[in-house]
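Here's the structure, in structure tokens; my notes come after.
Chain identifiers are assigned alphabetically (A, B, ...) following the order of the sequence lines, protein sequences preceding nucleic acid strands; residue numbering begins at 1 within each chain. From a predicted model like this one, the values you see are computed outputs, not experimental measurements.
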Amino acid sequence: MSDKELYESAYKNQWCPGCGNFGILEAMKDAFGKLNIAPEKLLIVSGIGQAAKTPHFMKCNFLHGIHGRALSLALGAKIANQDLNIVVNSGDGDCYGEGGNHFIHAVRRNADMTLLVHDNRIYGLTKGQASPTSARGMTTPMQPDGVIAEPLNGPALALTMGAGFVARGFSGNVQHLSSLIQAAVQYKGFSVIDIFQPCVTFNRVNTAQWYKERIYELDNTDSRDDFHQAMKLAFETGDRIPVGILYAKKKQEFISQIKTLEKGPLIDRPYDPDRLGKTAQEYILS
Amino acid sequence: MSDKELYESAYKNQWCPGCGNFGILEAMKDAFGKLNIAPEKLLIVSGIGQAAKTPHFMKCNFLHGIHGRALSLALGAKIANQDLNIVVNSGDGDCYGEGGNHFIHAVRRNADMTLLVHDNRIYGLTKGQASPTSARGMTTPMQPDGVIAEPLNGPALALTMGAGFVARGFSGNVQHLSSLIQAAVQYKGFSVIDIFQPCVTFNRVNTAQWYKERIYELDNTDSRDDFHQAMKLAFETGDRIPVGILYAKKKQEFISQIKTLEKGPLIDRPYDPDRLGKTAQEYILS
Amino acid sequence: MDITILIGGAAGQGIQTIGALLAKACCKAGYFAMAVNDFESRVRGGHSFFQIRISNKPVYSPQKTVDLLIALDQNTWQTHKQSLSEKSVVLADEDFSTTGQVVPVAFEQLAKEIGSKLFVNTVAAAAGLRILGADLGTVQSVIKDHFSTLKPELLEKNLDAAQKGFEKVADVSFEQQPLTDPSVPKGNLISCAKAIALGAVAADCRVGAFYPMSPATGIMQHLTELSKRLDLVVEQAEDEIAAANIVIGASFAGARAMTATSGGGFCLMTEALGLAGMTETPMVIVNAMRPGPSTGLPTRTAQGDLRFAIHASQDDFPRFVFAPGTPEQAFEQTRKAFHLSEKYQVPAIILVDQYLMDALFMLEKPFSIDTHVERFIVADEDMPDPKNYERFAFTDSGVSPRALPCRGDALVKVSSDEHRPDGHITENIDIRNAMMEKRHAKLPAMIDELDEPAAVNPEARTILIGWGSSAGAIKEATKRLRDKGLDIGCLLFSHIWPFPATAVGKVLQNNPDRQYICVEMNAGAQFAGILKEYTDIVFSGYVLKYDGRPFTAAFIEDALKEKELA
Amino acid sequence: MDITILIGGAAGQGIQTIGALLAKACCKAGYFAMAVNDFESRVRGGHSFFQIRISNKPVYSPQKTVDLLIALDQNTWQTHKQSLSEKSVVLADEDFSTTGQVVPVAFEQLAKEIGSKLFVNTVAAAAGLRILGADLGTVQSVIKDHFSTLKPELLEKNLDAAQKGFEKVADVSFEQQPLTDPSVPKGNLISCAKAIALGAVAADCRVGAFYPMSPATGIMQHLTELSKRLDLVVEQAEDEIAAANIVIGASFAGARAMTATSGGGFCLMTEALGLAGMTETPMVIVNAMRPGPSTGLPTRTAQGDLRFAIHASQDDFPRFVFAPGTPEQAFEQTRKAFHLSEKYQVPAIILVDQYLMDALFMLEKPFSIDTHVERFIVADEDMPDPKNYERFAFTDSGVSPRALPCRGDALVKVSSDEHRPDGHITENIDIRNAMMEKRHAKLPAMIDELDEPAAVNPEARTILIGWGSSAGAIKEATKRLRDKGLDIGCLLFSHIWPFPATAVGKVLQNNPDRQYICVEMNAGAQFAGILKEYTDIVFSGYVLKYDGRPFTAAFIEDALKEKELA
Ligand SMILES: Cc1ncc(C[n+]2csc(CCOP(=O)(O)OP(=O)(O)O)c2C)c(N)n1
Ligand SMILES: Cc1ncc(C[n+]2csc(CCOP(=O)(O)OP(=O)(O)O)c2C)c(N)n1
Ligand code: SF4
Ligand code: SF4
Ligand SMILES: [Mg+2]
Ligand SMILES: [Mg+2]
């Protein structure tokens with residue numbers, strides 16, 4: 001069975017024709033297929049937004065939660081069952097706006113999961129307001145005089161918070177993106193890919209063409225473990241924008257540092273009334 | 001009148017004897033005195049925590065709000081009355097934990113105000129849980145096996161979000177801290193000082209002695225407008241830790257970019273029924 | 001005359017443009033109109049529709065039966081054919097069997113003949129206008145008017161498209177042809193989103209802060225539009241928590257300020273709501289409700305957050321809750337919310353819903369702007385001793401003189417902890433009790449500020465009770481049932497909290513064998529619960545709806561019949 | 001015998017240590033005891049106290065009159081002298097005029113004589129023990145026991161300090177000397193914070209997530225302590241929003257999970273509460289209430305979040321709300337909250353308060369641990385066709401079989417949007433209605449799971465009604481008033497929601513001229529409002545308190561007298 005069929009969702013897609021999200025969906029299917037993660041072994045967690053609808057359009061287990069909170073839901077799931085393969089699909093608004101606080105702290109924790117930020121630099125589902133990554137000066141019905149704030153640089157933010165795996169991808173380059181997703185999923189720890197994703201309906205600035213004129217692929221065989229070098233790459237956002245792995249370095253993963261979790265998934269442990277009873281009795285007296 | 005008297009609060013201080021907060025309070029009084037900002041011309045906004053109690057202990061206007069939200073309150077006040085001199089006192093938990101999202105977006109906006117983070121690397125008022133800046137491995141009653149997550153680096157985070165003025169201070173060096181506060185307040189835009197502040201009650205790791213052994217003062221006459229250089233300074237957190245201005249560069253301030261605010265404080269504009277009536281009538285028809 | 005036109009298609013096909021064109025033309029021709037906007041939570045595709053009701057009498061709610069159906073896709077006629085009657089006319093791109101008359105119009109093909117399927121709108125609009133009785137000249141002038149900003153060659157193409165649409169249906173006879181018989185326009189079409197934004201600026205709102213959320217975004221969109229020409233700044237925040245706190249900060253500094261959101265965002269604002277309550281800082285929050293729980297049905301309508309709005313945030317403090325049901329009320333109550341929020345230094349919540357936000361209603365009289373806006377702010381000059389100013393001074397009314405920070409010698413000190421009159425933290429029992437009582441002391445005067453509920457036939461044996469947006473459909477159902485000979489009336493609340501309990505007795509005339517029926521758009525009969533708590537009304541039944549679509553009079557009638565209540 | 005000992009001083013002086021020592025010694029000697037912890041929102045300085053009540057009968061609430069006052073500073077005796085009686089004894093560092101007998105003890109000086117003012121605790125504790133009738137041997141063994149982990153030389157110094165304290169008060173005669181007459185211990189002292197943590201682990205809670213907030217932190221502190229020895233992980237989150245969502249994520253993946261917070265944090269959790277409601281994911285939230293609004297009085301007690309807890313989050317969905325009033329109930333209801341939350345796939349809220357969290361109560365019987373914990377989870381084996389598993393399948397009970405993600409062929413698909421049985425988003429009217437009804441279909445069975453309110457003399461003419469933590473004081477007031485000849489009883493609720501309306505009628509015996517009085521710790525008489533909504537009870541009066549300090553029986557008696565209700 002081809003990956004496309006294997007992960008085919010019976011549910012009808014709701015994105016606009018031509019949306020960059022389709023490329024991301026395709027790259028995900030390709031990557032999971034290559035990694036041999038069956039739909040039944042995949043948990044996708046998402047927030048709310050166009051990006052966050054992704055798991056509906058793919059065969060998998062999913063928790064399509066509330067706006068901005070996917071990373072917290074994912075962390076809870078991971079603590080309960082560390083064997084889960086968790087991928088989080090989030091938007092630039094979902095992840096860096098409403099969910100900004102969880103993003104920075106998720107990076108600090110470094111729990112093993114992969115975050116894909118569909119970065120269309122706009123609020124898509126709510127019809128075209130500026131997002132934290134919108135370019136300065138971009139006008140929208142809500143920002144008639146143009147965006148004032150400095151755009152948030154997701155990869156740089158992740159790096160500063162101590163991320164071990166940071167990449168940039170482009171929805172228009174499915175094979176390359178698939179290779180990034182594969183590397184990210186294989187990374188033991190928290191991995192982030194900020195994915196340039198044209199929104200054909202609301203973002204008339206950062207179009208597919210705009211990206212094609214600017215992006216260049218980094219050589220993935222180069223080692224990328226220099227923090228300050230990675231920061232420089234992350235801030236290359238002008239005429240030339242690198243896509244690829246910006247940084248990859250081994251770091252101690254979160255789950256592996258929790259003593260209680262050394263014995264495997266919490267949910268696999270049987271209920272143990274004897275130990276409980278003893279502990280409770282002693283604790284009452286303490 | 002000495003600065004101490006000028007800013008003396010009639011309200012009794014509630015901090016623990018020996019707390020680093022006293023040094024910060026003193027430095028603030030000294031700085032405002034030197035800057036000639038009278039108590040009546042000063043608005044302090046704060047969240048909740050020991051740090052956030054600061055304005056009670058000083059003569060000034062204040063809005064002692066809710067946990068983590070001081071920067072949003074401050075932004076609202078600034079938009080309404082751009083003439084306000086706003087200083088925000090926040091804790092490491094208040095600012096980087098509960099308020100993390102507002103911090104990163106406040107930096108992006110660059111509204112003219114000064115943020116003082118009393119960074120005691122602990123939750124003081126709630127009696128000693130780890131904070132986002134607590135050292136890895138530090139144990140507390142709530143982290144009996146030690147803190148797992150990477151400590152959050154406030155100055156680096158501010159830099160990455162595009163801050164134009166970033167400094168580090170130490171509560172134990174009042175004069176130096178005062179000079180930083182003066183520079184920060186004079187900076188036109190969002191200025192941040194992350195202040196090392198020993199918590200004598202709950203943080204037994206980062207004591208005054210600990211800091212004294214490590215910190216060194218940067219020469220404030222050096223120009224500090226190199227971003228990557230500043231990042232390197234921000235990440236010097238080992239045996240040698242620089243205090244002083246890490247970065248200072250002119251950036252376009254927020255208020256000055258809002259057309260409507262070119263004419264001065266919003267609250268100074270008279271009610272204008274004619275313009276309103278005309279606008280409303282036309283708008284109904286549009 | 002009372003006809004309903006439904007234009008349906010996929011999101012992105014421009015059905016709202018077609019709808020707006022038809023509705024405007026009818027208004028211009030002197031008819032009353034209202035329109036409902038129905039769409040899914042997606043940007044392209046799926047099914048959406050715009051439903052216009054036109055009458056020579058005022059209309060306040062949608063109708064069930066569709067007289068003219070303009071179906072831009074198959075989905076539309078399949079979905080709506082059960083709403084057609086014998087007399088209905090359907091314009092659809094293919095023929096199908098139904099009650100009523102189908103006129104096949106190959107919208108897309110005709111549009112493409114002009115040059116692009118983008119002209120579908122114009123083809124359909126022109127056809128619709130023709131059916132409603134417009135002659136070619138009228139159609140052309142409507143089109144010209146609507147596309148006045150287009151380049152000449154594009155306008156020309158649109159006129160060609162209009163002619164195609166017009167000709168295609170030239171021979172169709174439709175029972176009602178309002179456009180053949182124009183009279184003086186009765187008013188303008190307006191949504192409650194627009195009315196709220198206008199109410200805010202009429203109250204001299206200076207700061208808006210928001211985070212986008214359907215169906216509240218429209219309000220902030222209108223406010224942003226208005227901010228281009230007024231002393232008003234609208235800021236998009238990073239989240240709803242920030243938005244609410246920006247509002248409080250702005251208000252503290254002296255600007256009237258507001259935010260608008262929906263349930264999920266309101267959740268995130270509840271802590272700030274309490275901050276406003278405790279610090280006695282004015283604040284206006286609009287909660288534009290949509291069906292939940294949680295994300296629910298993001299683009300649909302509900303009245304499910306009533307209890308939540310009344311009780312949100314920890315512990316007790318006074319607040320206002322308004323629930324307008326028309327643009328007039330939306331405007332008036334928004335203005336009132338700002339006024340009262342500032343007068344009593346309490347937060348005010350305006351509860352509306354997606355139906356109100358996105359529907360269009362007829363506004364007969366233009367909104368009036370006051371010559372003067374009363375502010376309730378003191379300055380040094382008003383104080384005997386500014387240096388000893390106390391922000392939370394005890395007063396009989398519970399309202400303390402409110403000064404602004406950094407405007408004089410008076411220091412403004414405000415804390416979310418329980419505080420002394422001077423604003424500093426206290427743990428003292430007596431001060432705590434006195435402060436709690438001070439805040440609650442405002443309640444009697446607050447209740448007195450509120451309007452009594454509106455009543456229709458308050459003497460009737462059966463009384464329907466409703467609130468907010470349901471009022472229109474309830475009023476109409478009442479009228480229809482009275483026309484059928486039923487002894488029925490209704491009681492409609494738009495001033496909700498503090499609950500005007502005694503007003504209920506005043507408005508309703510006694511009737512010994514009365515039956516009460518609550519009509520609301522939620523599953524829990526939430527408003528009925530409040531009446532049970534505060535009055536001795538006993539309900540004989542409920543008409544509840546929670547499918548996300550607005551009430552129609554017919555729905556209420558049917559529900560009453562089914563429950564044998566009418 | 002029924003005496004009250006109050007130990008007061010500044011935060012950081014160790015009054016809790018002294019208190020714990022005295023209370024433990026009395027328990028060991030076979031007495032019943034309870035203790036209240038009163039402190040300010042600061043870490044050092046100010047005024048705090050620990051108030052112990054000792055009796056030979058079970059005691060459930062604090063008393064007003066202080067029999068033995070140990071005042072470590074002047075502030076203490078100044079604050080508490082009005083609580084003294086003629087028979088009271090005061091140990092204070094200086095003499096002052098008061099009713100009762102003052103014994104000057106230079107605590108700090110004596111401690112310094114041993115080497116450091118840190119020994120103040122031990123000096124004071126030994127003096128207190130002596131006054132209560134302990135001989136030197138008993139004092140020494142209590143001290144040895146308490147300081148068993150100290151280095152020998154430090155222990156020695158503490159013993160010296162104890163001797164000093166002991167000797168200083170050797171001649172003081174105190175009316176009651178419980179320690180002279182020991183018997184078999186009746187139980188252990190425990191706080192409800194501990195009881196809740198133990199209830200959670202007894203329910204096999206595997207994940208805790210929290211953000212620190214008084215007075216809830218204690219629960220998570222105990223859970224953290226317990227996590228060292230159990231299959232339990234406790235994670236401190238970056239904020240309450242994260243904490244609540246971590247709980248939902250963990251629960252979704254199959255672990256029982258909880259969080260604890262107070263009002264401000266609960267505000268931030270309301271959106272997640274709705275997510276649990278919509279996705280039918282089990283979730284346990286403890287809201288340990290403190291006085292608001294907003295930050296309010298962070299270290300004090302209140303029952304002001306009842307209505308908020310019941311109505312929090314947009315639109316209607318079923319939830320459980322419990323309000324235990326004793327450690328037994330706290331343990332039992334926490335266990336029940338986990339059980340029922342999972343059985344019905346709805347969120348459960350446990351409402352407690354600072355008083356319950358920080359007070360110590362006597363636990364007579366050890367908590368029992370079930371031999372088996374019933375989970376309500378299905379796996380592939382339980383399904384006819386795992387590949388077509390539907391997480392939200394329609395059932396008569398409204399409860400759908402719940403599978404866990406990635407545990408077999410069954411795909412678990414969950415959305416916060418309104419969804420089809422298979423978990424995918426829907427905008428379909430019929431499915432929406434059916435889903436809303438499915439969720440609400442659980443309510444009758446949920447109500448059946450709840451206990452009836454406890455009644456004391458349900459036939460009486462006057463019935464006091466209360467809930468949660470107030471139960472102890474209400475029961476005691478009832479008893480005291482009956483002893484005075486009043487025809488009074490009480491009705492005490494700890495299972496609050498879904499409101500067990502019919503149970504009220506069952507429990508209360510009819511009495512034609514009955515009067516009801518609601519007793520609660522809030523300004524709005526919130527629970528009374530629920531009774532008005534759901535029963536036909538009419539209240540003759542209310543005893544409300546909102547000063548942040550717990551009820552005493554005497555307060556209730558006085559209030560009733562003042563209002564001429566008793
Ligand atoms: C608490 C809350 N606030 C706001 C919303 C409304 N909302 C839905 S999607 C969205 C933003 C979507 O932007 P992004 O995350 O960039 O996703 P995109 O649609 O662009 O893929 C918002 C604000 C919500 N659902 N919940
Ligand atoms: C919403 C909310 N959550 C939690 C709290 C409890 N709380 C009060 S202060 C504080 C943390 C204080 O830490 P920090 O900001 O570092 O200040 P410090 O006391 O160390 O100066 C917390 C969690 C609160 N008041 N509100
Ligand atoms: S609105 Fe933009 S992001 Fe959303 S589906 Fe359409 S093109 Fe994609
Ligand atoms: S607890 Fe720590 S931070 Fe708070 S006042 Fe005491 S020493 Fe300072
Ligand atoms: Mg986006
Ligand atoms: Mg701190």
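Note that the CD atom of D:Gln221 and the OG1 atom of B:Thr140 stand 7.5 Å from one another [nearest 0.5 Å]. Note: B:Glu98 CD to D:Ile241 CD1 = 7.0 Å, rounded to the nearest 0.5 Å. In this structure, B:Lys12 NZ and D:Arg42 CZ are separated by 6.5 Å, a value rounded to the nearest 0.5 Å. For the atom pair CD1 (B:Ile48) and CE (D:Met213), the distance works out to 8.5 Å, reported to the nearest 0.5 Å.
In plain terms, the two heavy atoms of B:Ile66 and D:Ser294 that are nearest each other are CG2-OG, 3.3 Å. Scanning both residues, D:Val43 and B:Lys127, for their nearest heavy atoms gives CG2-CG, 4.5 Å. The nearest pair of heavy atoms linking D:Thr224 to B:Pro141 is CG2-O, 3.6 Å. When every heavy atom of D:Ser41 is checked against every heavy atom of B:Gln14, the shortest pair comes out as O-OE1, 4.4 Å.
With a 4.5 Å cut-off on non-hydrogen atoms, B:Pro132 does not touch chain D at all. Interface remark: D:Thr217 contributes backbone and side-chain atoms alike to the contact with chain B (heavy atom separation under 4.5 Å). Neither the backbone nor the side chain of B:Tyr96 has a heavy atom closer than 4.5 Å to any heavy atom of chain D. Heavy atoms closer than 4.5 Å to chain D are found nowhere in B:His64, neither backbone nor side chain. Proximity to chain D is absent for every atom of B:Asn101, based on heavy atoms less than 4.5 angstrom apart. For D:Glu240, the parts lying under 4.5 angstrom from a heavy atom of chain B are both the backbone and the side chain. B:Lys53 touches chain D through its side chain: at least one heavy atom from C-beta onward sits under 4.5 Å away, while N, CA, C and O do not. In this structure, the portion of D:Leu268 lying under 4.5 Å from any heavy atom of chain B is its side chain and not its backbone.
The candidate with the highest count of non-hydrogen atom pairs below 4.5 Å against chain D, out of B:Gly68, B:Gly100, B:Gly65, B:Ala130, is B:Ala130. Among D:Leu223, D:Thr299, D:Thr295, the residue with the largest count of heavy-atom pairs under 4.5 Å with chain B is D:Thr295.
Proximity of D:Pro212 to B:Met142: side-chain heavy atoms (C-beta onward) are nowhere separated by under 4.5 Å.
Counted by atom type alone, D:Gln236 and B:Gln143 present one or more donor-acceptor pairs between their side chains at under 3.5 Å.
Note on ring orientation: taking the six-membered ring where Trp is involved, the planes of D:Tyr211 and B:Tyr123 are perpendicular (angle over 60°, cut-offs 30° and 60°).
Enclosure of atom CD in D:Gln109 is not indicated, since only 12 or fewer non-hydrogen atoms of other residues, nucleotides or ligands lie within 6.0 angstrom.
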